[in-house]
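Note that ligands are numbered from 1 as they come in the structure, with each ligand's atoms numbered from 1 the same way. Computed from a predicted model, the values in this text were never measured in an experiment. When a residue number appears, it is its place in the shown sequence, counting from 1.
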Amino acid sequence: MRIGIYPGSFDPVTLGHYDIIVRSSHLVDKLIIGVLNNSAKNPVFSIEERVELIKKVTKDLENVEVLSFEGLLVDFCKQMNANVIIRGLRAVSDFEYELQIAQANHKLNRDVETIFLATSTHYPFVSSSVVKEIARYGADISRFAPECIVDDIYKKFK
Ligand code: PNS
């Protein structure tokens, strides 16, 4: 059974993330969305909120599970018996950082491979930061965030 992990902060999950989730769920038998619990990153949404929002968005995807994790990603992979890490690339500017992390992870655990998916051309500019910035000013985020969580995001900034 091929188990993949799509890790991230997901503060909050965006349509760009959702695109990667759906596409990568077809590549593995089971996809675990690993939500990093790291308060040092000062997330706007708590770990519980981030997990709940992703669960809401992925409720119809049968082979997708949402879990939080702390510590090293490769340790979480080992714990979950996962051998594939999935990351999305929006632009060349993402690549340098992602390559470094993928190489570090491979050095830490040679049984885990990182696969990069090119973000759909619909969402190259979509990020959690952009969603938060637009929501903070009460503007329309429906083109950036999954419809079922748009109200949850606005609520956070009321
Ligand atoms: O959505 P993000 O913030 O770009 O996700 C980054 C994430 C969670 C994938 C990365 O920070 C991570 O894996 N953190 C856990 C610690 C770790 O294993 N770092 C890589 C080895 S240096």
Visitor: Heavy-atom contact check, 4.0 Å cutoff: does Gly34 meet ligand 1?
Guide: no

Visitor: To the nearest 0.1 Å, how far is atom 19 (N) of ligand 1 from its closest protein heavy atom, and which atom is that?
Guide: Leu72 CD2, 4.3 Å

Visitor: What protein heavy atom sits nearest atom 3 (O) of ligand 1, and how far away is it?
Guide: Ser9 OG, 2.6 Å

Visitor: Can you tell me how far apart CD1 (Ile54) and CD1 (Ile21) are? Round to the nearest 0.5 Å.
Guide: 6.0 Å

Visitor: When you measure from atom 12 (C) of ligand 1 to the protein, is at least one non-hydrogen atom found at a distance under 4.0 Å?
Guide: no

Visitor: Do Ile20 and Phe116 belong to the same hydrophobic cluster, where Ile, Leu, Val, Met, Phe, Trp and Tyr are linked whenever their side-chain heavy atoms lie under 4.5 Å apart, directly or via other members?
Guide: no

Visitor: What distance separates Asn37 CG from Arg50 CZ, expressed to the nearest 0.5 Å?
Guide: 6.5 Å

Visitor: Treat each ILVMFWY residue as a node, draw an edge where side-chain heavy atoms are under 4.5 Å apart, and state whether Leu117 and Val126 are in one component.
Guide: yes

Visitor: Could you find the nearest protein heavy atom to atom 10 (C) of ligand 1 and give me its residue, atom name and distance?
Guide: Tyr97 OH, 4.4 Å

Visitor: Taking a cutoff of less than 4.0 Å between a non-hydrogen atom of the residue and any ligand atom, is Gln100 in contact with ligand 1?
Guide: no

Visitor: Is there a nitrogen or oxygen of Leu73 sitting under 3.5 Å from a nitrogen or oxygen of ligand 1?
Guide: yes

Visitor: Test your reading of the structure: does Arg87 have an N or O sitting under 3.5 Å from an N or O of ligand 1?
Guide: yes

Visitor: Closest non-hydrogen protein atom to atom 15 (C) of ligand 1, residue and atom name please, with distance?
Guide: Gly71 O, 3.4 Å

Visitor: Is ligand 1 under 4.0 Å from a heavy atom in the side chain of Val74, in the backbone, in both, or in neither?
Guide: neither

Visitor: What part of Leu36, side chain from CB on, backbone N/CA/C/O, both or neither, has a heavy atom under 4.0 Å from ligand 1?
Guide: side chain

Visitor: How would you list, by chain and number, every residue that makes a ring-ring contact (aromatic ring centres under 6.0 Å, His included) with Tyr6, sequence neighbours excluded?
Guide: Phe10

Visitor: Taking 4.0 angstrom as the limit, do Lys132 and Asp11 come out as a salt bridge?
Guide: yes

Visitor: Under 3.5 Å between any N/O of Asn105 and any N/O of ligand 1: does that happen in this structure?
Guide: no

Visitor: Flag the pair Arg23 and Asp19 as a salt bridge only when some basic side-chain nitrogen lies within less than 4.0 angstrom of an acidic carboxylate oxygen.
Guide: yes

Visitor: Classify the angle between the aromatic ring planes of Phe69 and Phe76 as parallel (below 30°), tilted (30 to 60°) or perpendicular (above 60°).
Guide: parallel

